[in-house]
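In what follows, a structure is listed as structure tokens, so that the remarks can point back to it.
Throughout, residue positions are numbered sequentially from 1 according to the sequence presented. This is a predicted model, so every value here is computed, not measured. Hydrogens, waters and symmetry mates play no part in the numbers below; they use all other heavy atoms, side chains included.
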Amino acid sequence: MRRDSRQQPLFRVSSFMPNPYPAGSLFDVIARYGGFLFRPSDFPEADPALGGEVGWCTSRLSALVVLQQKHGWTDRETVRRASMDLSVKASLDMGIEQRGPSQSVLCKHRQRMQALGLDTVYLDRLRDVLEALELVGDDEPVLIDSVPVAGGGQQLDTYNLLAGAIRSGLRELARVEDRPVAEVADELGLSVYLARTIKGRFDVDWQDGESRRSFLAQLVEDALVVRSRLQDANGPASDDDRHDDNDDDTSDGEGDAAASSAAVDIIDKIIDHDIEFAEDGNVKSIRQKRAGDRLISVTDPDMRHGRKSASKLIAGYKAQIVSSLMFGFIVLVRLFKANVHDGRDLPSIAEELRDGGLAPAWWGGDHAYGTLANHQFFASPERGELVARMARPPNGGRHTKDDFDYCFTSKGLHCPGGHQMTQSKWNSRHGRKGRLFLFPATVCGACPLRAQCVNPKASADKGRSVFIVDEDERLIREHLAHRETQGFQERLAQRPAVERVIAGFAQCGGKTTRRRGMEQVAFDKNLSALAYNLRRLGSVMQADPSLGAKLARVLGVFLRRARALFCRLTEVEAVHACVAV
């Protein structure tokens, strides 16, 4: 007889086979404790107890989405696994003959999870459990590092970027005007751009520079035609319109305008960054400049080029991973575009963690996080200590500013050759006002250390110059002295432990993505962190069997608290409370 368990709110360990999955695995943890994390009350419209419609159990669907993210399954493969894989069926307490959900049900459920922000809700619930089990401490030190995330969009060169922007603009224009895209393209004489690639459809001699320039000019001209038509369709878009794509209260007309503004913005960004114009306004060539914030994909405009190291190029995103030191649980994940420097937003990450109730005694990171700005932020004692070496300028192997002795009282500077400079003048560099010391050419020219100090490209009438900002220099000198202490060295030696966490995060789908856009990718990376934490919890419980009984008591306390709160509130308030508890 077929068993239908769709309306049962909690999971059980299935008994249709003796060992459906390894003890301590993600399947095992979800089977035993998934009912606490994934609750029917998270989806009031689907919970029969709250007047919702009977359908697939939302708790099981949420758990299935986590399993999908961990293993990198497509929607089709996930449905097949739910129908055929006994480990999946056992972990979700499904009947052996019960079929999995349809692809549309799975996709819509994942979209609802994202709209409700349940990725962070699940992570917060699990972190509360870890704190109650004393596996994560309120003031426990944390480690931070970034991991590259490959984007799911198609990477394109400048020619195909422009063609892709034209194609996307034509589709958006057809949607706004409610006409077939082929009809709109034919009217504008741009039907050739509806093909997936345009190379080979134009008569271009790629060995001839003028032929390439002419082709590029044609692409720019056609892109501007589409841009103008999009603006005419909805009127000029204001700056505010560009950020209303996800506003639930936006009317259809405003939504069309926002989408059209996004299409116009893509064309503008490609032309502004990639195209160089001559003085007469004609297209000259492809601009040769640093990648910066350059678009690399039309299908995913949020993707960027970046680097994890000098030899490793990233095309997509970076995920910042913050893990606890003792047991290696992920306490925070933050997604950035790949072109963002690792240490740029460490202060905001630290504040976000403090707002969540964690105040680490110290933060461990590599030199990318040891910027001067970050050390200035952590100079306040209540923010903890930053254990990261401050990167110092190499200066081509010659003496750096750190080799000069600076007196904060007399404002004098001693060089490695023993010469003293007491005179300086005010100057500004990078927006900072400080003292500029200029050593005379007569002093540096006669100094035996000149080759080890002065740039060899400097003329003979130039001596060494040193720029010092007192506030910054004091912090630099204190850091250089502190990082030689035994305590700093011992804490810094523990930083590589985050690499093991990143390896586990990658095994749970952390480095790849099947979806496009910052919001979608950030949601998926949070689910990867959740899957990693659940798997890590299973491993810790295997090593310490006493944690199983303690966890059962902790979950019992949480659930009794939730039920008591539910009984004291009105129905609407209870729905929101169950999501928050």
Side-chain angles (χ1 to χ4, degrees), residues 289-290 292 310 340-348 350 363 365-485 487-489 492:
K289 61 181 295 187
R290 295 174 62 89
V340 174
H341 187 270
D342 285 2
R344 188 195 71 177
D345 291 297
L346 179 58
S348 65
W363 289 69
D366 59 24
H367 69 276
Y369 297 93
T371 63
L372 179 62
N374 287 342
H375 278 284
Q376 288 173 337
F377 175 82
F378 282 95
S380 300
E382 68 274 7
R383 292 171 176 164
E385 178 188 356
L386 177 58
V387 181
R389 294 173 66 89
M390 188 184 296
R392 307 305 302 137
N395 198 28
R398 298 180 297 277
H399 287 298
T400 67
K401 182 176 63 172
D402 298 340
D403 298 322
F404 289 71
D405 291 329
Y406 178 67
C407 179
F408 291 95
T409 304
S410 65
K411 311 302 181 184
L413 189 69
H414 286 76
C415 77
H419 303 289
Q420 182 178 6
M421 276 291 295
T422 58
Q423 299 295 322
S424 64
K425 62 179 182 179
W426 291 108
N427 205 316
S428 294
R429 292 185 182 179
H430 308 294
R432 302 283 288 171
K433 186 177 181 180
R435 301 177 185 275
L436 179 62
F437 293 87
L438 297 173
F439 284 84
T442 54
V443 172
C444 293
C447 181
L449 300 181
R450 176 183 173 86
Q452 304 172 33
C453 186
V454 181
N455 192 322
K457 296 182 180 180
S459 59
D461 60 341
K462 297 290 185 181
R464 177 65 186 267
S465 64
V466 177
F467 180 73
I468 287 180
V469 178
D470 280 31
E471 178 185 356
D472 296 348
E473 196 65 25
R474 193 184 311 277
L475 187 61
I476 292 171
R477 305 286 170 151
E478 290 175 354
H479 167 75
L480 292 176
H482 178 62
R483 75 184 191 183
E484 299 302 324
T485 62
F488 185 95
Q489 296 290 341
L492 187 64

request  = Quick one: list whatever passes side chain to side chain donor-acceptor pair (under 3.5 Å) with R344, sequence neighbours left out.
outcome  = none
request  = Could you pull out the closest heavy-atom pair between R432 and F467, with the gap in Å?
outcome  = O-CZ, 3.5 Å
ask   = Nearest 0.5 Å, what's the CZ-CZ distance between R450 and R398?
value = 11.0 Å
remark   = Across all chains, not counting sequence neighbours, the side chain to side chain donor-acceptor pair (under 3.5 Å) partners of H419 are none
Side-chain heavy atoms of H414 within contact of Y406, under 4.5 Å = no
inquiry  = Name the residue from I476, N427, L436, L413 that meets the side chain to side chain contact (heavy atoms under 4.5 Å, CB included) definition with I468.
reply    = L413
task = Check whether any side-chain heavy atom of W426 lies under 4.5 Å from a side-chain heavy atom of R435, and answer yes or no.
result = yes
Between side-chain atoms of residues 369-378 and protein atoms elsewhere (two or more places apart, or another chain), which donor-acceptor pairs fall under 3.5 Å?
{"from": "Y369", "atom 1": "OH", "to": "S146", "atom 2": "N", "distance (Å)": "3.3"}
{"from": "Y369", "atom 1": "OH", "to": "Q320", "atom 2": "OE1", "distance (Å)": "2.4"}
{"from": "T371", "atom 1": "OG1", "to": "N374", "atom 2": "N", "distance (Å)": "3.2"}
{"from": "T371", "atom 1": "OG1", "to": "N374", "atom 2": "ND2", "distance (Å)": "3.1"}
{"from": "N374", "atom 1": "ND2", "to": "G343", "atom 2": "O", "distance (Å)": "2.9"}
{"from": "N374", "atom 1": "ND2", "to": "Y369", "atom 2": "O", "distance (Å)": "2.9"}
{"from": "H375", "atom 1": "NE2", "to": "A388", "atom 2": "O", "distance (Å)": "3.0"}
{"from": "Q376", "atom 1": "NE2", "to": "D472", "atom 2": "OD1", "distance (Å)": "2.8"}

What side-chain donor-acceptor pairs closer than 3.5 Å can you find for residues 451-463, not counting sequence neighbours?
{"from": "N455", "atom 1": "OD1", "to": "K457", "atom 2": "N", "distance (Å)": "2.9"}
{"from": "S459", "atom 1": "OG", "to": "D461", "atom 2": "OD1", "distance (Å)": "2.4"}

ask   = Does R474 come within less than 4.0 Å of E478, counting only side-chain N to carboxylate O?
value = no
ask   = If you look only at pairs with a residue in residues 414-426, which of them pass as a salt bridge (Lys or Arg N to Asp or Glu O under 4.0 Å), with sequence neighbours excluded?
value = none
key: Sub-4.5 Å side-chain heavy-atom contact between S465 and F439   = no
task = Go through the steps to decide whether R429 and V469 satisfy the test side chain to side chain contact (heavy atoms under 4.5 Å, CB included), and finish with yes or no.
result = CA-CA 10 Å; R429 292 185 182 179; V469 178; over 6 Å; no
query = Less than 4.5 Å apart, any side-chain heavy atom of E473 and any of F408?
reply = yes
Worked verdict on L480 versus R392 for side chain to side chain contact (heavy atoms under 4.5 Å, CB included) = CA-CA 10 Å; L480 292 176; R392 307 305 302 137; 4.1 Å; yes
task = Can you sort out the partners of H482 under ring-ring contact (aromatic ring centres under 6.0 Å, His included), two or more places apart, ordered by chain and number?
result = F488
note = Closest heavy-atom pair, P416 versus D403, reported as atoms and distance to 0.1 Å, is CG-O, 3.7 Å
request  = Please answer whether the main-chain N or O of L492 pairs with a side-chain N or O of R483 as donor and acceptor at a distance below 3.5 Å.
outcome  = no
ask   = Are the side chain of S380 and the backbone of E382 linked by a donor-acceptor contact shorter than 3.5 Å?
value = no
